[in-house]
Each structure stands twice: as structure tokens, then as C-alpha cells.
Amino acid sequence: MKNFGPAILLVILYIGSAHSQSIKSSLNPTFDSKVDSILRLMTLDEKVGQMNQYNGFWEVTGPVPKEGDAAVKYEQLRKGLVGSMLNVTGVENVRAVQKIAVEDTRLGIPLIIGYDVVHGYKTISPIPLAEAASWDLEAIRKSAEVAAEEAAAAGINWTFAPMVDISRDARWGRVMEGAGEDPFLGSRIAYARVKGFQGDDLKAVNTIAATAKHFAGYGFSESGRDYNTVDVGTSTLYNDILPPFEAALEADVKTFMNSFNLLNGIPATGSSFLQREILKEKWAFKGFMVSDWGSIGEMIPHGFAKDGMQAAELAANAGSDMDMESRLYVEHLTALVQSGKVKESVIDDAVRRILTVKYELGLFDDPYKYCDEDREKAVTGRQDFQDAVLDMAKKSVVLLKNEKQLLPLRKSGMKIALIGQLAGDKDSPLGSWRALGEPNSAVSVLEGMNAFPGNSLEYVEGVKFTEGTPGFAFETKINTTDRSGFEAAKNAARNADVVVMVLGEHGFQSGEGRSRTELGLPGLQQELLEEVYKVNPNIVLVLMNGRPLIIDWAVEKIPGILVGWHLGTQSGNALAQVLYGDYNPSGKLPMSFPKNVGQIPVYYNYKATGRPTNPGSDLVFWSHYMDSPNEPMYPFGYGLSYTSFEYSNLKLSSDGFAKDGSITVSIDLKNKGSVTGIETVQLYIRDLFASVVRPVRELKDFQQVELKAGESKTLSFQITEKSIGFYNNDGKWIVEHGDFKVFVGGSSQASLEKDFKFLEK
Ligand code: NOJ
């Protein structure tokens, strides 16, 4: 028998968690009654303790209120005043804190251990935005499953992922963490990621609880500046921001995290509209809501709460169940209940939710179930994980341009110059939010290309665009003066048949707190690109990026462009295999690439203005810029292949349908090239006239299909009420009769279209 605290031992015997099935089923069979049995034993302080989450002692992913307070935390842990810890990693460390919670406290309630396992734990997958570019839901689910298994083996049982925030603003550094700009794709991916982390059995030792974050609106921060104000209308809130959260809930996500931002003047953390009305009442969410780091306390500088006491009151009453590191619940909630400002039923509800998730994880059966050193050793870095993240990485690459058929590269007889600091970098490809990914553990592009020995390869850094060692806690310093490597780069290029230039952002230039106002190639990289181009224009540009970048010059001049994101541990292998054609690129952009910063936010599913087109004279009175087109450089859903696909024969089974009916849409797709390729066929809808204006296009379905050279296939989709309904400004789902268009093709600019009607009868 585990060494539980004395009182909880009684409860465990009573509820039979550690006992025979017959005792279990005869006594309190449901979680609810088990949890209530514990709740009855708890003092108010102990209940409040369950709502308190502390950072561990080893790592920080946010500002720390007080330094050197490990002793205070230890003491509170011993008193049962801590319900969860974050950033405690590795079996040894997790066991140490769990042991205190289980063996030293009066009730012995186990901790739930949270960590940002965002795209891998030690074996790192591509950043989530890159994964989204694959549109491959099974690969994405698998990537989350791998991350969960590796993290669970190291003591973690709860990840603060997936981030399901929709964003249309590439200046916001956290776009790297999400699935891009579209609520439909974002919802499908949210569902897949939750399923991947949580699996079918949350009690299994290789699954962990997931978190849908940040609830809500965080991705719409004004000017793309992190933590900034969010003001959005109800149409955007209900139709664009909330759907991926609802999809996560459909996948049975166990926790939500609120967000730092104000939403229409109310901090999300203090919003009962979001947390109670929508999440817990309308959506009937049964899990718990954790605050974002310190967000309860941040309601004071927001100007919403006058002090810590009031911040705790407002957050608890609004439905924030657990306080991540503002330390205000543990300080004030007991007094707030005693003074009647917070009802004890609010506390009971929060604690019940937290204990229920602990039960569902099986922590009451065995609080050390994630603490097995042998499993940790056997599981970490497993070969099948490497295979899965390599597969994911290859599928994430997007081919933007391939003129002169520069790609794929021939495997022999060529001289290749490989240029760029990022080409040799083994750290940057791990990207931001890399959990415990070992620094410098990624396969570099140089290493990946060296695995193809048939060509002669000369590597030159060209320019070091970052100075010092970029890291999570540091600003990335950019070199803007040292051009001493330019000559060597140009010489290598001069002698080469093809130049591969790996340029872009360092992995730590995107992520939390990493907003940017300029989205070109940082530092002297653009200058280097232009200099090299002068001596050899046969350039393949491989971007490394955590967000859409502005590459207008390159798009005009450079014949081959690949979006290589930050692809994780297997980055260089994935990119080399794509460059050499062992994998034919199949990615499609999950976010539009703007032409310039002034266009942002630029996204495909915008609403038409009353003056959408040029009146055809020299009058300026239509919705446009004087100095830039309205269209992005590359639209959502765009991506090429080494083969080409032809779309034809768009057909509808009928030109109208009524309630409970549907229309079948079919399309013929042909691989017109000479190699096998994967295409993501996308279906968009436009509702032409509606009581709340609908976007010019909305993605409503997609399918991936692999076709051999010359092969054709007919694909079909169903249009139902679900495809044409929307939320009105009261948040009510409605379906309106009238006229629609459907478009099918290989991007959001799909050109084949048909009309149909949703009929009254
Ligand atoms: C703040 C971030 O906004 C959130 O996403 C993360 O989970 C927490 N810090 C914990 O690291």
C-alpha cells in the first residue's frame, strides 16, 4: 500500500480505489460521489489549496512574483495548500514533490503536474503552426500522442496544450503555437491534438490531460503585440474564436486555460460570460479552468481589480478554478469565503472539478503512476518517436515556388553551395516552446544534406544574423553590421550549380512575448540573399520561420522557395528529403503570407466591403491601398507539389436542398505530372446574403488524396446544414434559406464554383 496521508487513507479504503472490484462497485461507484467523499473531509484551507498552482523550483515560463521563496512553497506544500505544480519535470523531481503531497499532508491528495508539452517533450515535433500546414490530422494526432507518451514517462500528467487560438496577425509571436487563421481547420486540429494527448484512456500511463487555451480571444491582440487588448465583435467571437475551443471540448478536453487579454474591456480571467455562461453552462464543461500565469493578479494593472483580494474574488466568482502563480487564491480565498464575498459552493465546485480530473487520471489509484525511472529511460527518445516526428516534419513543409524545375535536386553530379547560419544550426529548428528538447539536438540541414553523398556540398555560414545565444528568457540580438562572411558565401555560390540558402527567424524569435513589427528576413540575411543572387541566381530559398514572413523580393527573384518552419528534432533530415525529392512536398499554408506589414491582418475569410472592386475609372473610392494590392503574397490553403494537379468536372447532385437534406459535391482530380503526389482538396462555401454578413469564403471540408503520376480520382463531399449555418450575434446557431456558392480546389482561391440553394421546403 502506498504511503498516503492518514485521512485520505480512510477515504481510499472507503471508495475502494485501491481495492477489489466488488468493494469498488458496491461503494460510491461514480467519480462524483468519490470526490464528494473527499470534499467532506477537507477544511476550507485545504480546498483553497487545491486551487493553488505553483511553479516548480527549477524552471520558469513567466515572471516570478517573489524570488527565493522555495521555502515558503515547500511549507505550503506540506500543509496541503498546493493542488498542482508546473515546470517540475523528470521522474526524480516529480516523485519528490508528489511524495510531500501524498505522504506529508493531512489528506495526502496527489498533485497534478502540468507542463508546456506543446510540440514534444524531449523528442521535438515541428512547431504547431508547421504541423497545421500538413493538414494531416492523423499525423498531428500521432505527434501529440508521442509527446504525451514521452512526457508521461517523465512524470508529467497534464499538458498546457493545445493552444487553439485563431490568429490573423503574423506580428503576434504566438502564431507558431496555433493552427493558423481558419476556424474550421483549427477546430479539426484542436480535436486531433486533444485526442492525441489524452488517448482513449486517460488512466493509461502513456496519456496525459490536455488544455484548450487561451480562453478566449488572445490571438486577436491589437497590433499583434502580445498580452495586448482584444476588442472583437460577437460575430468574430462566436464564428472564429470559439469554434476550436468547442471542438476541443467535443474531444473531451479535461481543462481550459484562460487568457491574459481583456476581451471587450473585461479580463478573460475575470469574465463570467466566458467561463461560466459559455463554458460551464452553455457548453456544460465538467473539467476545470486554470488561470494563465499570474493572470489573476494582472487584473490589477488592467484596472479591473483594485487589489489582490478583489482580484481573487472576481476570478473565483467568474469561474477561474485554479490560480497559476499569482498566489492570490491561497492568500485571500479563505477570508473571502468567511466574509461572504465568495460562496463556499463556488470553492466546492472548483475543487470538485480539480479532484475529478485527478481521479480520471488515476492519480488516486496510484499517485506515483507516472514516476517509473525504468519507463522514463526506455521511453525517452524512442526510435518510433523519431520516425513519427520525421514523418510529421516532412508533411509540414510547404513549396511556394518552383521555377526552372530547380527542385527536386538531382542526387549526383552537382556542386551545391549551402549558405546561411540556420543551415548549420542544430538548436534553432527546435523552435520556441521546445519543452525539454536538448539544446543543439536537432538534425541540421547540413547534416541532413550530408546524408545524400552523391553531390559535392560546400557549406558557408555567410552571415551570423544572431549575436550571442538566443534563448527563451532572452531577447534575440540581431547582427546588423558584420558582413565579413559575405565574400566566402559569394565565392561558394559562384562555383556552384545550385545554391541552397537557409534563411529566416531563429527559433526563439517567435513564441510568447516575441511580437515583431518587421517580418522580413532578420538582420543582414536579405542583403546576403541579394548579394548571392548577383553571382548565382539558381537559388533555392529554404525559410525557417515561426510565422508567415514577408518575402516579396524573394518571390519576385528566387526560383525555388520552401517554407521549412521550425521542424523539430528531425528538421534537417526532413528538409533534405524534401529537397532531394524523397518526399514530395504536400503542405498547404494554414495562414496567409502577407505582402507587407501594412496589410495585416490579412486573411482569406474576410467580409466584403460595400466597395469591393475598382469602379474602372481613375476614382479612388473603393476599398484598397494606394501602395499595395489587397491580396496577400500567398493565400491560406496554398502550396505546390513536384507534380501538378488538375481539377475538373465540379458537379452537384442537385442545385438545392432543404432541412435534413444534403447535396453531394463531386470533383475529378488528376495528377498531371510524372511523380506521385499528395493533394489537399479544399471545399469552400459562400453564403451570398445573410442576416449577419458572411465571409467571402469559408473552408467547410477537405480531403487528402495521394495520386500516382497520370492517375485520376473522383472525390465527393457532402454539403449539409452544418456546412452553411453560422452563429448570429446572440451566439445562437442558425441556418438561413437562400443562395450559396461552393468552390473546390487546391487553395482558398479555388476557381471552380457552382451555385446552390437552401430551400424552405
Ligand atoms: C504563460 C503562457 O501564456 C501559457 O500558455 C503557458 O501555459 C504558461 N505561461 C505556463 O508556462
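We're numbering straight along the sequence, starting at 1. These numbers come from a predicted model, not from an experiment. Both ligands and their constituent atoms are indexed starting at 1 by order of listing.
Residues S396 and W565 share a closest heavy-atom pair of O-NE1, 2.8 Å.
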Review point. Yes or no on side chain to side chain contact (heavy atoms under 4.5 Å, CB included) for R516 and L549, after CA distance, side-chain angles and deciding distance?
Key: CA-CA 11 Å; R516 293 178 61 206; L549 292 179; 4.0 Å; yes
Check your understanding: So S272 and E277, side chain to side chain donor-acceptor pair (under 3.5 Å) or not? Walk me through it.
Key -> CA-CA 6 Å; S272 43; E277 234 177 86; over 6 Å; no
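Residue Y115 places every heavy atom at 4.0 Å or more from ligand 1. Not close to ligand 1: M163, with no non-hydrogen atom less than 4.0 angstrom away.
With contacts defined as side-chain heavy-atom distances shorter than 4.5 Å, the pair Q53/L86 qualifies.
With a heavy-atom cut-off of 4.0 Å, E325 does not touch ligand 1 at all. Residue contacts with ligand 1 for N87 are absent, since no atom lies close enough (heavy atoms, distance under 4.0 Å).
Below 3.5 Å of separation, one finds an N or O of D292 facing an N or O of ligand 1. Between W433 and ligand 1, no N or O atom pair is found at a separation short of 3.5 Å. At a 3.5 angstrom cut-off on N or O pairs, K213 counts as close to ligand 1.
Between W158 and F197, the ring centre distance reaches or exceeds 6.0 Å. F636 has its ring centre no less than 6.0 Å from the ring centre of Y603. Checked against a 6.0 Å centroid threshold, the rings of Y218 and W172 count as neighbours.
Salt bridge status for E75 with K73: absent, with no side-chain N to carboxylate O gap under 4.0 Å.
Which parts of ligand 1 touch F160 is read off a 4.0 Å heavy-atom cut-off, strictly below it: atoms 7 (O). Taking a cut-off of under 4.0 Å to the non-hydrogen atoms of L86, the atoms of ligand 1 that pass are 10 (C). Near R174, meaning under 4.0 Å from any of its heavy atoms, are these atoms of ligand 1: 2 (C), 3 (O), 4 (C), 5 (O).
For atom 7 (O) of ligand 1, the nearest non-hydrogen atom from the set D116, V290, T211, N258 comes from D116. Between the choices H214, M324, E177, the shortest heavy-atom distance to atom 5 (O) of ligand 1 belongs to H214.
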